[in-house]
Amino acid sequence: MSTFSLDPGADQLAVRDWLHGFAADVMRPAAAEWDEREETPWPIIQEAAKIGIYSLDFYAQQYFDPSGVGIPIAMEELFWGDAGLGLAIVGTTLAAVAVLANGTDEQIGTWAPQMFGTPEDVKVAAFCSSEPDAGSDVSALRTRAVYDEAKDEWVINGTKTWATNGGIAAVHVVVATVDPALGARGQASFVVPPGTPGLSQGQKFKKHGIRASHTAEVVLDSVRVPGSCLLGGKEKLDERLARAREGTRKGSGKNAAMATFEASRPAVGAQAIGIARAAYEVALDYAKTRVQFGRPIIDNQGVAFTLADMKTRIDASRLLVWRASWMAANNQPFTSAEGSMSKLYAGETAKWVTAQAMQILGGNGFTREYPVERMHRDSAIYSIFEGTSEIQRLVIARTISGLPIR
Ligand SMILES: Cc1cc2nc3c(=O)[nH]c(=O)nc-3n(C[C@H](O)[C@H](O)[C@H](O)COP(=O)(O)OP(=O)(O)OC[C@H]3O[C@@H](n4cnc5c(N)ncnc54)[C@H](O)[C@@H]3O)c2cc1C
C-alpha cells in the first residue's frame with residue numbers, strides 16, 4: 001500500500017505546474033470565446049494533444065499513480081483553467097475508464113488509443129448510459145442488445161441522452177440491457193466502433209454552463225457490432241447473468257459497479273474544486289482592491305468571513321477528494337461511501353463558492369466582463385451529473401446505515 005501523503009512528490013508537482021501553465025496560457029484566454037460559441041473546441045483539444053495533455057499515455061500514467069492523487073491534481077488544474085474547455089479535453093476519459101474497468105486487455109489495447117486519435121488527427125470518445133427515462137435510475141435502461149449467434153454480432157436499439165461527445169465521438173461506449181428482467185444486473189457495455197452504421201446524433205443540447213463541452217442524444221437504430229465489442233467478453237457476461245438469475249449475491253455486479261463509482265466520483269469532485277478555486281481567487285483579489293466607504297471591501301468582516309469560509313470549504317473538499325482517491329488506488333473498502341461523499345461536498349462547494357464570488361464582485365460579478373459569472377454557470381452541473389447530490393446522499397445514507405433508504 002502506498003503511504004498517504006498530503007505532500008505531493010516532485011513528479012506530481014511538476015505535472016501540476018505543467019498543467020497550470022497550459023490552463024493559464026491556453027485555456028483561460030480562450031474560455032469566454034468557446035463558452036459563447038457553444039461548439040467543440042477542436043483547436044484547444046489539438047493543442048492539448050500536441051503537448052501530451054490529451055493522450056492515453058498521460059491519463060493512464062495519472063490513473064495508475066499509486067498515491068491516487070495524480071488524477072485529482074490534473075483535474076483540478078485543468079478545470080481551474082476553464083470547466084467547459086476542461087470537459088472538452090477530459091470527456092473522453094469517461095469512456096476510456098469504462099473500457100479500462102470492464103474490458104479485456106485486448107479490448108483496452110484496441111479501443112483506448114482510438115478514443116484519443118493522434119495529435120494530427122484528434123478524436124474524442126463518448127460514454128452513453130443515460131436515457132430519457134433512465135437518469136438517476138440506471139436500472140431502468142431500455143436500450144436493448146440482442147445477440148445474433150449465427151453472425152456473432154450484437155444488435156443494439158435504443159436512444160441515449162445527455163452523452164458528452166455523443167455523436168461526434170469516434171468510439172462510443174454504450175450501456176444496454178441484455179436481460180431486462182434482471183434490471184441493472186442484466187446490463188452490459190459495448191464498444192461501437194467508428195463509422196458503425198445505425199448510430200447517429202440526435203438533438204444537441206444548448207446548456208446553462210460547460211457550453212464548450214458537447215452534450216447530445218445518441219440514436220442507435222439496429223446498430224450491429226462484432227461479438228468482440230462486448231466489454232469483458234461473452235463468457236464472463238453469461239456467467240454473470242447465470243449468477244443473477246440464480247439470485248446469488250456472491251460476486252454480483254452490484255458491488256463491482258458501486259466500487260467503480262466510488263473510484264471515479266472523486267475525479268469529478270476535483271473538477272469542481274478547480275472551478276471553486278478559480279472563483280475564490282478572483283473574489284479575493286477583487287475584495288482587496290475594490291474600495292467602498294473609503295476602504296477595501298475586504299476590510300468588512302461580512303466580506304472577509306465569506307472568503308474565509310470559501311477557502312475552508314475548498315480545502316475541505318480537496319481533503320475529501322484526495323482521501324477517496326487514495327482509497328481507490330489502494331483498494332480500501334468504501335465503508336462510508338467516501339467517493340460519493342467527496343463528489344457531493346466538492347460539487348455543492350463549487351456552486352456555493354461561485355455564488356459567493358459573484359456577490360463579492362457586485363454588479364461586475366453579474367456580467368460577462370468577469371469570469372465568475374461563467375464559473376457559476378459551469379459549477380451548476382456538479383450537483384447533477386455523475387450522480388445528483390440527492391443520489392450521492394442516498395448512497396452515503398444506505399452505506400452508513402446498511403438500510404435500503406428510499
Ligand atoms: C451536461 C451533462 C453531461 C452529461 N454527460 C453524461 C454522459 O457523458 N454520459 C451519460 O450516460 N450521462 C451523462 N449525463 C447524464 C447525467 O448523469 C444525468 O443527468 C443525471 O444522472 C441525472 O439524471 P436525470 O437528468 O434524468 O434526472 P432525474 O433522475 O430525473 O432526477 C431529477 C431530480 O430528481 C431527483 N431524484 C431522482 N431520484 C431520486 C431519489 N431516489 N431520491 C431523491 N431524489 C431523487 C434528482 O436528484 C434530481 O434532482 C450528463 C448530463 C448533463 C446535464
Side-chain angles (χ1 to χ4, degrees), residues 35 38-40 79 83-99 101-102 115 124-143 156 158-169 171-177 183-184 187-190 192 199 201-220 257 260-261 264-265 267-269 271-272 275 337 340 343-344 347-348 350-351 374 377-398 401 403-406:
D35 173 59
E38 205 160 359
E39 287 168 8
T40 302
F79 283 68
L85 296 175
L87 202 60
I89 292 171
V90 308
T92 293
T93 60
L94 268 181
V97 167
V99 171
N102 304 306
M115 292 181 167
V124 292
F127 176 69
C128 312
S129 171
S130 303
E131 295 179 6
D133 293 321
S136 298
D137 182 6
V138 286
S139 67
L141 295 188
R142 287 197 195 148
T143 295
I156 311 173
T159 300
K160 294 292 178 181
T161 194
W162 306 124
T164 299
N165 296 336
I168 62 165
V171 175
H172 291 75
V173 175
V174 172
V175 186
T177 178
Q187 295 170 356
S189 299
F190 299 86
V192 180
L199 184 148
Q201 184 185 307
Q203 181 189 2
K204 178 188 170 184
F205 295 104
K206 289 188 161 231
K207 303 195 300 290
H208 177 67
I210 52 162
R211 302 202 307 194
S213 167
H214 171 103
T215 316
E217 289 176 333
V218 172
V219 180
L220 300 129
T260 308
F261 278 137
S264 63
R265 284 179 175 157
V268 180
Q271 299 172 3
I275 305 173
S340 298
K343 193 268 177 182
L344 167 66
E348 293 293 330
K351 286 174 71 173
R374 187 179 69 250
R377 284 188 286 109
D378 290 344
S379 73
I381 192 61
Y382 285 88
S383 63
I384 298 174
F385 69 5
E386 286 285 314
T388 66
S389 287
E390 291 74 24
I391 294 302
Q392 311 297 339
R393 290 189 178 98
L394 198 65
V395 171
I396 298 163
R398 283 179 181 165
S401 69
L403 296 170
I405 312 280
R406 280 157 57 90

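Counting starts at 1 for both ligands and their atoms, in listed order. For clarity, every value in this text was computed on a predicted model and none was experimentally measured.
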*List the steps, then state whether side-chain contact (heavy atoms from CB on, under 4.5 Å) holds for R211 with R374.*
CA-CA 10 Å; R211 302 202 307 194; R374 187 179 69 250; over 6 Å; no
Which ligand 1 atoms, with their elements, are less than 4.0 angstrom from a heavy-atom of [X]?
| X | answer |
| --- | --- |
| I381 | 1 (C), 2 (C), 52 (C), 53 (C) |
| E386 | 17 (O) |
| I384 | 20 (C) |
| L94 | 8 (O) |

Would you say [atom] makes contact with the protein, given that contact here means a non-hydrogen protein atom less than 4.0 Å away?
| atom | answer |
| --- | --- |
| atom 42 (N) of ligand 1 | no |
| atom 17 (O) of ligand 1 | yes |
| atom 20 (C) of ligand 1 | yes |
| atom 28 (P) of ligand 1 | yes |
| atom 34 (O) of ligand 1 | no |
| atom 4 (C) of ligand 1 | yes |

Identify the protein heavy atom lying closest to [atom], giving its residue, its atom name and the separation to 0.1 Å.
| atom | value |
| --- | --- |
| atom 44 (N) of ligand 1 | E390 CB, 3.5 Å |
| atom 31 (O) of ligand 1 | S136 OG, 3.8 Å |
| atom 26 (O) of ligand 1 | G135 CA, 3.2 Å |
| atom 6 (C) of ligand 1 | W162 O, 2.7 Å |

*Using a 4.0 Å heavy-atom cut-off, say whether T164 meets ligand 1 through its side chain, its backbone, both or neither.*
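It is both parts that get close, each with some atom under 4.0 Å.
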*asked:* Tell me the contacting part of V175 for ligand 1: side chain, backbone, both, or neither, using a 4.0 Å heavy-atom threshold, strictly below.
replied: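 No part of V175 comes within reach of ligand 1.
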*asked:* If the test is side-chain contact (heavy atoms from CB on, under 4.5 Å), which one of Q392, Q271, E348 qualifies with K343?
replied: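 The single option meeting the side-chain contact (heavy atoms from CB on, under 4.5 Å) with K343 is Q392.
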*asked:* Consider side-chain contact (heavy atoms from CB on, under 4.5 Å). Of N165, T164, V171, which one does V124 pass it with?
replied: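 Running side-chain contact (heavy atoms from CB on, under 4.5 Å) over N165, T164, V171 with V124 returns exactly one hit, N165.
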Does any N or O in the side chain of [X] come within less than 3.5 Å of the main-chain N or O of [Y], such that one atom is a donor and the other an acceptor?
| X | Y | value |
| --- | --- | --- |
| K207 | S213 | yes |
| K204 | A216 | no |
| R398 | I405 | yes |
| R265 | E386 | yes |

N or O contact, [X] vs ligand 1, cut-off under 3.5 Å:
| X | answer |
| --- | --- |
| K207 | no |
| T161 | no |
| F127 | yes |
| S130 | yes |

*Measure the spacing between OG1 of T159 and CD of E217 and express it to the nearest 0.5 Å.*
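Answer rounded to 0.5 Å: 7.0 Å.
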*How many angstroms lie between atom NZ of K160 and atom CG of L199, to the nearest 0.5 angstrom?*
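Interatomic distance, K160 NZ to L199 CG, rounded to 0.5 Å: 11.5 Å.
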*Among L141, I405, T388, whose heavy atom sits nearest atom 46 (C) of ligand 1?*
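Looking at heavy atoms only, T388 sits closest to atom 46 (C) of ligand 1.
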*Of the listed options (D137, D133, I391, L394), which comes nearest to atom 39 (C) of ligand 1 when hydrogens are ignored and any heavy atom counts?*
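Nearest heavy atom to atom 39 (C) of ligand 1 lies in I391.
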*Excluding sequence neighbours, so at least two apart, what forms ring pair (Phe, Tyr, Trp, His ring centres under 6.0 Å) with F127?*
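Result, ring pair (Phe, Tyr, Trp, His ring centres under 6.0 Å) vs F127: none returned.
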*For Y382, what residues pass the ring pair (Phe, Tyr, Trp, His ring centres under 6.0 Å) criterion, not counting sequence neighbours?*
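For Y382 the ring pair (Phe, Tyr, Trp, His ring centres under 6.0 Å) partners, ignoring immediate neighbours, are F385.
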*Show the numbers, then the answer: is there a side-chain contact (heavy atoms from CB on, under 4.5 Å) between H172 and F190?*
CA-CA 8 Å; H172 291 75; F190 299 86; over 6 Å; no
_Side chain proximity check, I156 to T143, heavy atoms < 4.5 angstrom_ =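 The answer is yes, as the side chains (C-beta and beyond) meet within the 4.5 Å cut-off.
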